[in-house]
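Each remark here refers to the structure printed beneath this line.
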Amino acid sequence: MQEQKINYQKELERTLGEITKEGKVPSLLLHSCCGPCSSYVMEYLSDYFDITVFYYNPNITEEAEYRKRAEEQKALIGQMNGRLKHPVSFLEGEYDAGTFFDMAKGMEQLPEGGERCFRCYEMRLRRTAEEAVKRQMEFFTTTLSISPMKNAQKLNEIGRKMQEEYGVSYLFSDFKKKNGYKRSIELSNEYGLYRQDYCGCVFSKRDRNTSLQTK
């Protein structure tokens, strides 16, 4: 029997309604994969949260690519802060591509979107949960679900697991809903952002190149 999918956008709206009713502005550690994906999420959630963007992405295995995306993220926060209800701060995690390769060992030949990706989700969400606890933040979540290429059900399942392990609330969400992905493209165009066409790891780049060659 197939497990029923949960509408995580409705879960998010329920949480935002509760926050609004309480009249509080809780802290949120928002794991971000890149500037373009974070653009809509910051615009959407800054009405409700005091956000710190946590840039932790050892899966971006070429350091020059990593640095380019990290700088783009910082620049975007600076540009957007003037228009956000609650300004967003930036926190960069440690960068060591070896962490990703250790995690991916034995799964190098798996296709994109499978178990290797799910382990990568968990690697980054676990580190985010750890940082949220360290900084005594009330919520944590990730921008990853805004991508049509990412499995929102799996992301939220992992988020729930991390919530149970670390005792910090995970903000359930599916940011591609309500035209979130479309809005991220609009904001990327507005701010002239660099939009990469692969997630960042050598395996996604390999599969992207294979796909281009077969077209």
Side-chain angles (χ1 to χ4, degrees), residues 6 8-60 66 69-96 99 120-147 150 152 154-177 180 184:
I6 298 171
Y8 285 106
Q9 174 60 31
K10 287 187 177 178
E11 292 286 313
L12 173 60
E13 290 173 359
R14 188 177 299 115
T15 301
L16 297 182
E18 291 170 359
I19 289 170
T20 300
K21 189 181 293 185
E22 291 171 0
K24 297 180 180 178
V25 183
S27 55
L28 168 68
L29 191 63
L30 173 64
H31 167 263
S32 174
C33 56
C34 63
C37 287
S38 72
S39 59
Y40 164 73
V41 181
M42 291 191 296
E43 181 183 67
Y44 183 18
L45 295 184
S46 65
D47 282 356
Y48 305 94
F49 293 95
D50 178 8
I51 300 172
T52 297
V53 165
F54 183 48
Y55 192 79
Y56 175 71
N57 297 292
N59 58 299
I60 305 176
Y66 171 87
R69 296 190 196 188
E71 290 304 314
E72 187 92 333
Q73 178 70 77
K74 283 190 280 189
L76 177 64
I77 291 170
Q79 289 175 293
M80 289 191 70
N81 264 340
R83 62 189 282 182
L84 301 178
K85 183 174 181 180
H86 299 106
V88 174
S89 57
F90 177 78
L91 174 66
E92 185 171 356
E94 62 280 3
Y95 175 65
D96 179 4
T99 305
C120 186
Y121 297 169
E122 181 167 340
M123 175 186 70
R124 289 184 278 174
L125 278 171
R126 180 177 296 280
R127 182 68 188 85
T128 306
E130 289 172 351
E131 196 66 29
V133 171
K134 176 183 174 183
R135 294 176 181 274
Q136 298 183 313
M137 303 193 81
E138 294 162 87
F139 287 86
F140 76 105
T141 195
T142 178
T143 64
L144 285 167
S145 70
I146 199 168
S147 169
K150 299 293 188 289
K154 181 61 70 172
L155 280 164
N156 282 283
E157 286 172 16
I158 294 168
R160 188 186 302 278
K161 177 183 173 184
M162 296 300 101
Q163 173 179 269
E164 292 169 356
E165 284 190 31
Y166 289 91
V168 57
S169 295
Y170 181 75
L171 187 66
F172 296 99
S173 51
D174 187 353
F175 292 119
K176 70 177 69 65
K177 302 289 188 181
S184 75

Is it true that [Y] and [X] share a donor-acceptor pair across their side chains at a distance under 3.5 Å?
X: S38; Y: T143; answer: no
X: Q73; Y: S32; answer: yes
X: H31; Y: T128; answer: no
X: R124; Y: N57; answer: yes

With rounding to the nearest 0.5 Å, note down the distance linking [atom1] in [X] to [atom2] in [Y].
X: Y121; Y: I158; atom1: OH; atom2: CD1; answer: 7.5 Å
X: S89; Y: D50; atom1: OG; atom2: CG; answer: 6.5 Å
X: M42; Y: I77; atom1: CE; atom2: CD1; answer: 5.0 Å
X: L76; Y: C37; atom1: CG; atom2: SG; answer: 11.0 Å
X: M137; Y: S169; atom1: CE; atom2: OG; answer: 12.5 Å
X: F139; Y: L28; atom1: CZ; atom2: CG; answer: 8.0 Å

Could you check if a side-chain atom of [X] sits within less than 4.5 angstrom of a side-chain atom of [Y], using non-hydrogen atoms only?
X: H86; Y: V25; answer: yes
X: L45; Y: F175; answer: yes
X: K10; Y: K177; answer: no
X: Y44; Y: L12; answer: yes
X: P36; Y: S184; answer: no
X: K150; Y: S145; answer: no

| Partner of F49 by side-chain contact (heavy atoms from CB on, under 4.5 Å), out of T141, I19, L30 |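 Testing F49 for a side-chain contact (heavy atoms from CB on, under 4.5 Å) against T141, I19, L30 leaves exactly one candidate, I19.
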For [X] versus [Y], what's the shortest heavy-atom pair and its separation?
X: F140; Y: Q163; result: CZ-N, 4.2 Å
X: N156; Y: S173; result: ND2-O, 2.8 Å
X: V88; Y: V53; result: CG1-CG2, 3.6 Å
X: L84; Y: S46; result: CD2-OG, 3.5 Å
X: A152; Y: K176; result: CB-NZ, 3.8 Å
X: C120; Y: N59; result: SG-CB, 3.7 Å

| Residue list, ring-ring contact (aromatic ring centres under 6.0 Å, His included) with Y166, at least two apart or on another chain | none
| Y55: ring-ring contact (aromatic ring centres under 6.0 Å, His included) partners, not counting sequence neighbours |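 Listed in chain order: Y66.
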| Any salt bridge (Lys or Arg N to Asp or Glu O under 4.0 Å) pairs touching residues 21-34, not counting sequence neighbours? | none
Heavy-atom donor-acceptor pair, [X] side chain to [Y] backbone, under 3.5 Å:
X: S147; Y: L144; value: no
X: Y170; Y: K161; value: no
X: K85; Y: Y48; value: no
X: D174; Y: I146; value: no

| task | Please assess R135 against T52 for the test side-chain contact (heavy atoms from CB on, under 4.5 Å), listing each intermediate value before the final yes or no. | result | CA-CA 10 Å; R135 294 176 181 274; T52 297; 5.9 Å; no
Is a salt bridge present between [X] and [Y], judged by a nitrogen-to-oxygen distance below 4.0 Å?
X: K154; Y: E157; result: yes
X: R127; Y: E131; result: yes
X: E72; Y: R69; result: no

| task | Report the C-alpha distance between Y56 and E94 in whole Å, list the side-chain angles of each, state the deciding distance to 0.1 Å, and finish with yes or no for side-chain contact (heavy atoms from CB on, under 4.5 Å). | result | CA-CA 7 Å; Y56 175 71; E94 62 280 3; 3.6 Å; yes
